[in-house]
Amino acid sequence: MLLLAIESSCDETAAAVLRDDVVLSNVISSQLQHAEYGGVIPELASRLHQQQVVRVVQQALADAQVPESELEAIAYTNGPGLLGALLVGASFAKAYAWGLGIPTVPVNHMEAHVLANFLMPTKPQFPMLCLTVSGGHTQLVLVRSLDSLEIIGETIDDAAGEAFDKAAKLLGLPYPGGPQIDKLASTGNPKAFKFPTPSVEGLNFSFSGIKTSLLYLVRDGMAQNSSFIETHKADVCASYQGKIVDILLEKLERAADLHGVQDLAIAGGVSANRELRSRFLALCERRGWRAVVPDFAYCTDNAAMIGVVGWIKAQAGLFGDLEEVPFTRA
Ligand code: KG4
Ligand code: ZN
């Protein structure tokens, strides 16, 4: 099946063309304009999607060397995400599909992050446990089959990506903060500063405590020495990032033991983090578990992951209709 996929849930306008689960093209236009405001401005995101969507889709078709007349379905992100942003992608996808006389496939963005792992040459086996860590979500997802995804743990406050972004803002780093902290942390000492371990029941997560602890560390440090941030930036990033990874992997390991799962994966924007990737692989090796890590291009928001879910749903005949309305929350 030849399928076009469109992603527009947040600040990436993306389109991909897939033949079944093989990616023929994957175009991403990141809205760098939000950096100026230190975070995503929903209204601006909608306008930029509107401006970019036609160009991005044309580019995806051109890269795949596929004429639009050969497309058999159009998959698009139906939520969760920013409503205005989702409406642009959804409306475009429906109108285009209607014009071409082909069906649409509405796709859940969080499911797509998890199933992005099935774009990799070595497919995970079932049951699979996936740690999904993005800007808005932190979830442990037990995948029993391609259409059975159960959330068995999640954050009770901030998402892991939010913990990175808020820390970066506090340290005066540009948005999005995750990649900046990742880079600085590689030259810092992860033992330089201590952050508290949150006490959260079961398989849930909490990141608000370490964020507050960072706020106090920076406030007290700056009171004593006004160049505290400049002098200790790399050490602060390394220690803070190390703690986030500790928290994530501790719960992941516990969940895998509890459910007797041997196939593990990570997903979402934060899965691009180099320390998380390397320590995840090391954990799986130590425990004798099979591990899948998505390519960098499939970690942060992209349309290839929307396409793979679109393909799976199309196989099952789960097409959308033109009255489908996007949703904002999972
Ligand atoms: O999945 P994603 O692209 O968008 C959402 O669905 O939220 O995730 C974006 C998040 C942001 O919080 C960003 O700071 C974080 O992923 N991120 C990273 C890295 N790259 C992106 N966090 C840590 N290290 C990275 N290398
Ligand atoms: Zn995402």
Side-chain angles (χ1 to χ4, degrees), residues 5-14 16 26 28-32 34-35 38-40 42 45 49 76-82 85-86 89 107-117 130-139 141 154-155 158-171 173-186 188 190 207 210-211 237-238 240-249 265-280 293-306 308-309 326 328-330:
I6 297 170
E7 152 65 30
S8 72
S9 65
C10 191
D11 58 343
E12 251 87 34
T13 314
N26 188 32
I28 303 175
S29 167
S30 296
Q31 303 178 350
L32 306 174
H34 299 286
V40 177
H49 284 304
Y76 65 93
T77 307
N78 200 35
L82 305 169
L86 290 164
V107 170
N108 180 305
H109 182 88
M110 297 313 296
E111 273 182 37
H113 271 305
V114 174
L115 299 180
N117 282 291
C130 183
L131 171 69
T132 314
V133 270
S134 72
H137 295 81
T138 302
Q139 300 176 335
V141 185
E154 60 192 325
T155 183
D158 291 349
E162 225 174 326
F164 273 103
D165 296 337
K166 287 179 177 170
K169 201 167 184 176
L170 194 69
L171 297 171
L173 305 171
Y175 182 89
Q180 309 283 333
I181 293 186
D182 188 344
K183 199 154 71 182
L184 280 163
S186 64
F207 293 100
I210 61 161
K211 183 191 64 188
C237 288
Y240 185 78
Q241 173 177 287
K243 191 72 200 187
I244 292 180
V245 176
D246 287 349
I247 296 169
L248 292 171
L249 293 184
I266 53 177
V270 181
S271 67
N273 183 269
R274 285 171 294 171
E275 181 175 349
L276 176 60
R277 292 168 84 90
S278 64
R279 284 179 53 194
F280 167 71
V293 174
D295 275 352
F296 282 110
Y298 304 144
C299 289
T300 46
D301 289 348
N302 66 89
M305 69 181 192
I306 304 301
V308 77
V309 181
T328 54
R329 282 164 183 274

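When a ligand or atom number is given, it counts from 1 through the structure's own listing order.
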min-distance protein heavy atom vs atom 22 (N) of ligand 1 -> Gly178 CA, 3.3 Å
Could you tell me whether any N, O or S atom belonging to His109 is less than 2.8 Å from the Zn ion (ligand 2)?
-> yes
Short N/O/S contact of His113 with the Zn ion (ligand 2) (below 2.8 Å) = yes
Asp301: its N/O/S atom lying closest to the Zn ion (ligand 2) (atom name) = OD1
Assess the side chains of [X] and [Y]: does a donor N or O sit below 3.5 Å from an acceptor N or O?
X: His109; Y: Asp301; value: yes
X: Ser30; Y: Glu12; value: yes
X: Ser9; Y: Glu7; value: yes

Below 3.5 angstrom, do we get any N/O pair linking [X] and ligand 1?
X: Arg274; result: no
X: Asp182; result: yes
X: Phe164; result: no
X: Asp165; result: yes

[atom1]/[X] to [atom2]/[Y] distance, rounded to the nearest 0.5 angstrom?
X: Glu111; Y: Ile306; atom1: CD; atom2: CD1; result: 10.0 Å
X: Leu82; Y: Thr328; atom1: CG; atom2: OG1; result: 9.0 Å
X: Leu249; Y: Leu131; atom1: CG; atom2: CG; result: 7.0 Å
X: Ser186; Y: Glu275; atom1: OG; atom2: CD; result: 10.5 Å

Would you check whether Cys10 reaches within less than 4.0 Å of ligand 1, judged by its heavy atoms?
-> no
Examine ligand 1 and decide if any of its atoms is less than 4.0 Å from a heavy atom belonging to Lys183.
-> no
Can you list the atoms of ligand 1 that are under 4.0 Å from a heavy atom of [X]?
X: Gly136; value: 7 (O)
X: Gly135; value: 5 (C), 7 (O), 8 (O), 9 (C), 10 (C), 12 (O)
X: His113; value: 1 (O), 6 (O)
X: Val270; value: 15 (C), 16 (O), 18 (C), 22 (N)
X: Thr300; value: 3 (O), 21 (C)
X: Gly161; value: 12 (O)

Nearest to atom 4 (O) of ligand 1 by heavy atom, Asp301, Asn273, Ile181: which?
-> Asp301
Heavy-atom nearest option to atom 8 (O) of ligand 1, drawn from Ala267, Gly269, Ser9 | Gly269
Might you work through the side chain to side chain donor-acceptor pair (under 3.5 Å) test for His49 and Thr13, ending with a clear yes or no?
-> CA-CA 6 Å; His49 284 304; Thr13 314; 2.9 Å; yes
Side chain to side chain contact (heavy atoms under 4.5 Å, CB included) between Ser134 and Val270: does it pass, once the steps are laid out?
-> CA-CA 5 Å; Ser134 72; Val270 181; 5.8 Å; no
Partner of Phe164 by side-chain contact (heavy atoms from CB on, under 4.5 Å), out of Ile181, Leu173, Val133, Asp158 | Ile181
Thr132 and Thr138: CA distance, side-chain angles, deciding distance, side chain to side chain contact (heavy atoms under 4.5 Å, CB included) verdict = CA-CA 6 Å; Thr132 314; Thr138 302; over 6 Å; no
